[in-house]
Amino acid sequence: MRELNKIQTAIFLFGGILMAVGAGTTLLGWGSAPYIYALGAIGFASMQMYQRYEGNNFTIRRLRRMMVLSDVLFLVAALLMFANKSNILGLSYINYIEYVYNKWVIVLLIAALLQLYSMHRIGSELEKEAKK
């Protein structure tokens, strides 16, 4: 995996912190919480997508694709947070409640589970590859 420099690592970590703060404060009803989460998600996802794997291990490449999918889901959760804030999509009230209202939590949970699984497995696969 390509290593991040100090500035990129700081953006990555700060993005993760902003995502956690934004998700937590959204549950508290703060009006600026989707902006905080979106800024963190953009920083986190962009730095994680910047890390590339140049090897030939199929398992790591598959796990890397899962990680990129979770990054995209983090960004989709940010969009759903904005849509949850107000009915900006122009849907009827019933459709809004059925398709948008608080669905960002489900997308965020799926993204977090994919992220945890892929990060854990990539770490163990890189250790196996280093031993060879």
Does a sphere of radius 6.0 Å around [atom1] in [X] hold more than 12 heavy atoms from other residues, nucleotides or ligands, not counting ones at 6.0 Å or beyond?
{"X": "Phe12", "atom1": "CZ", "answer": "yes"}
{"X": "Arg61", "atom1": "CZ", "answer": "no"}
{"X": "Ile7", "atom1": "CD1", "answer": "no"}

Checklist line | Partners meeting salt bridge (Lys or Arg N to Asp or Glu O under 4.0 Å) with Lys128 (sequence neighbours left out) | finding: Glu125
Check: So do the side chains of Leu63 and Tyr53 get within less than 4.5 Å of each other, counting heavy atoms only?
Finding: no
Quick one: do [X] and [Y] end up in the same hydrophobic cluster if we chain Ile, Leu, Val, Met, Phe, Trp and Tyr together by side-chain heavy atoms under 4.5 Å apart?
{"X": "Leu39", "Y": "Val72", "answer": "no"}
{"X": "Leu75", "Y": "Leu79", "answer": "no"}
{"X": "Leu126", "Y": "Leu114", "answer": "yes"}
{"X": "Trp30", "Y": "Val21", "answer": "no"}

Item checked: For the student: nearest non-hydrogen atoms of Ala33 and Thr26, plus distance -> CB-OG1, 3.1 Å
Check: What closest approach, in Å, do Ala23 and Met81 show between heavy atoms, and which atom pair accounts for it?
Finding: CA-CE, 4.1 Å
Check: Under 3.5 Å, side chain of Gln8 to main-chain N/O of Asn5, donor-acceptor pair present?
Finding: yes
Notebook entry, point to check: Between Phe74 and Phe44, what is the ring plane arrangement, given parallel below 30°, perpendicular above 60°, and tilted in between?
Noted result: perpendicular
Next item on the list: Please lay out, stage by stage, how Arg121 and Ser124 fare under the test side-chain contact (heavy atoms from CB on, under 4.5 Å).
Entry: CA-CA 5 Å; Arg121 285 290 315 277; Ser124 64; 4.2 Å; yes
Find the distance between [atom1] ([X]) and [atom2] ([Y]) and round it off to the nearest 0.5 Å.
{"X": "Gln115", "Y": "Gln48", "atom1": "CD", "atom2": "CD", "value": "4.0 Å"}
{"X": "Ile122", "Y": "Tyr117", "atom1": "CD1", "atom2": "OH", "value": "10.5 Å"}
{"X": "Phe82", "Y": "Trp104", "atom1": "CZ", "atom2": "CH2", "value": "12.5 Å"}

